[in-house]
Protein chains: 2
Amino acid sequence: METIERKPRSRENARSGIIGTAKAIARREGWQAVSIRKIADAIEYSAPIVYEYFDSKDVLLDEIRSEGFRHLHQEYERIVKLYRDPEKRLYEISLVQWDFARQQPEIYQVMYNLNGAYCTIPVCESDAMQAVGDTVRQTIFSFIPKSKESIQKLYFEWWATSHGMISLAMLLKDEQHVEQSEQVYRDTMRRFVRGLR
Amino acid sequence: METIERKPRSRENARSGIIGTAKAIARREGWQAVSIRKIADAIEYSAPIVYEYFDSKDVLLDEIRSEGFRHLHQEYERIVKLYRDPEKRLYEISLVQWDFARQQPEIYQVMYNLNGAYCTIPVCESDAMQAVGDTVRQTIFSFIPKSKESIQKLYFEWWATSHGMISLAMLLKDEQHVEQSEQVYRDTMRRFVRGLR
DNA sequence: AAATTTTCTCTAACACAGTTAGCATAATTG
DNA sequence: CAATTATGCTAACTGTGTTAGAGAAAATTT
């Protein structure tokens, strides 16, 4: 993913090379260390070339963020198709969220402007994020048919609980053991889902 | 807090001037806009002077962060002294946390490396943060005398729930109405406290 | 009072950041 | 072959954190 040959490369190829390099640097050195010049060096181009693919660093980060939300959305839809029991669905969705944040922390960080990642473009306006929200709201609605406002409140609660634990576990990863955090997360999310009926 | 006269100023005076200016800029333009030169301009000094008071920007941010945790700790202690009922205590502490994040979002952001604020120094090692944790753990212990591990787990849960809602409400402040978020927060925290007994 | 030292503050510079303008070369088209 | 388009570069601008070293002013000593 790092040292890409320069010779045979189409436009889409270069674009994904930029994204991949940005993610690789962020994973290795943190988002603060991600610079246009460093990306350009890695893909063996000069800095201005990057601007042929992304209008600004902000737009690049936004693209990576949207990619993250789209990936998450796909995973959620997979879960929805896999299980029929609404409770099982929501619980498994919760686990997917945890695993995603564990396996690709740099993506999770840019999605929520965490730990030095900073994208000016408001995340609320992202269609991908809306789509994720819709899937979860539908799942909640599927076993608790309530008013739109009530569903929104429950979704907000679920989201906050999950995101709170994930971002806190990231913050304390040196002090608190991952296994324990994960156990608490599982228990809490299971309890949350149970509490819905 | 912005245009400070230069004439009569002691060392402590200048130090707090730097901190105050940094906070003011962060509040007005976000943490990403906080630069050493801008701070120096505001206090009518040249940039290197700032380094006489703080070894680096990182240290400056860490100081502001610790200040935030110390302030929060004081508020928590005030609540503990004010109420005898443990449930009331924890609930009021939760509300203090919300109000703090509402009234001084820039401080809350630097405390958790949110929204462009980025301090390299690990927050876990902060004594002030530990002190805050101790107070909350004690409060939880005061009406649920369990093992250290259980208390730690409950504290983690409480913290995650509170922090999750606060940071999410910050993220969605344009979409979701503050009043509704606050209502959900109050309900959730009350339910959490109730659920402890 | 003169000389010396210490204190205070500044300018200049370095490497790096995001970003843009303009030029050179290569590929394609007529 | 000539003209045009595409491609990628260098150089530059402003702004960032940070450091070195110069210079003035104040305090101290002789």
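Being a predicted model, the structure only gives us computed values, none of them experimental. Proteins get letters first, then strands, A, B, ... in listed order; numbering begins at 1 in each.
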- Rounded to whole Å, CD1 of Ile39(B) lies from C1' of dT16(D) at a distance of 12 Å
- Task: Nearest-nucleotide wise, let me know which of Ser35(A) and Asp55(A) is further upstream toward the 5' end of DNA chain C.
- Result: Ser35(A)
- Look at the side chain of Ile36(A) and decide which nucleotide, out of dT9(C), dG18(C), dT16(D), has an atom nearest to it. dG18(C)
- Message: Between Arg70(A) and Glu75(A) (salt bridge meaning N to carboxylate O under 4.0 Å), is one present in this structure?
- Response: no
- Note on the structure: Of the listed dT16(D), dG18(C), dA12(C), the closest approach to the Pro48(B) side chain comes from dA12(C)
- Task: Measure the distance from CD1 on Ile49(A) to C1' on dC23(C) and round it to the nearest whole Å.
- Result: 14 Å
- Task: Quickly work out the Trp31(A) CH2 to dA17(C) P distance and round it to whole Å.
- Result: 15 Å
- Message: Tell me the interatomic distance from Asp58(B), atom CG, to dT16(D), atom P, rounded to whole angstroms.
- Response: 17 Å
- Query: So, Phe156(A) versus His163(A), ring centres under 6.0 angstrom or not?
  - Reply: no
- Given dT19(D), is OP1 or OP2 found less than 4.0 Å from the side-chain N or O atoms of Tyr51(B)? no
- Message: Less than 4.0 angstrom between a side-chain N/O of Ser46(B) and OP1 or OP2 of dT9(C), yes or no?
- Response: no
- Task: Return the value, rounded to whole Å, for the distance between atom CD of Glu52(B) and atom C1' of dT9(C).
- Result: 8 Å
- Do Val96(B) and Tyr76(B) have side chains that get closer than 4.5 Å, going by heavy atoms? yes
- Item | Whole-Å gap separating C1' (dA17(C)) and CG (Leu61(A)) | 14 Å
- Task: Can you check whether any acceptor in the base of dG18(C) is under 3.5 Å from a donor in the side chain of Arg37(A), or vice versa?
- Result: yes
- Query: Can you check the Gln32(A) CD to dG17(D) C1' distance for me, whole Å?
  - Reply: 11 Å
- Message: Just to be sure I understand the rule, does Val50(A) reach a base, reach only the sugar-phosphate, or reach nothing, if contact means heavy atoms closer than 4.0 Å?
- Response: nothing
- Task: Using only heavy-atom distances, determine whether the side chains of Thr139(A) and Ser142(A) contain a donor-acceptor pair under 3.5 Å.
- Result: no
- Message: Just the rounded figure in Å: distance from P of dC16(C) to CG of Asp41(A).
- Response: 11 Å
- Item | Inter-residue atom distance Ile18(B).CD1 - Asn13(B).CG, 0.5 Å rounding | 10.5 Å
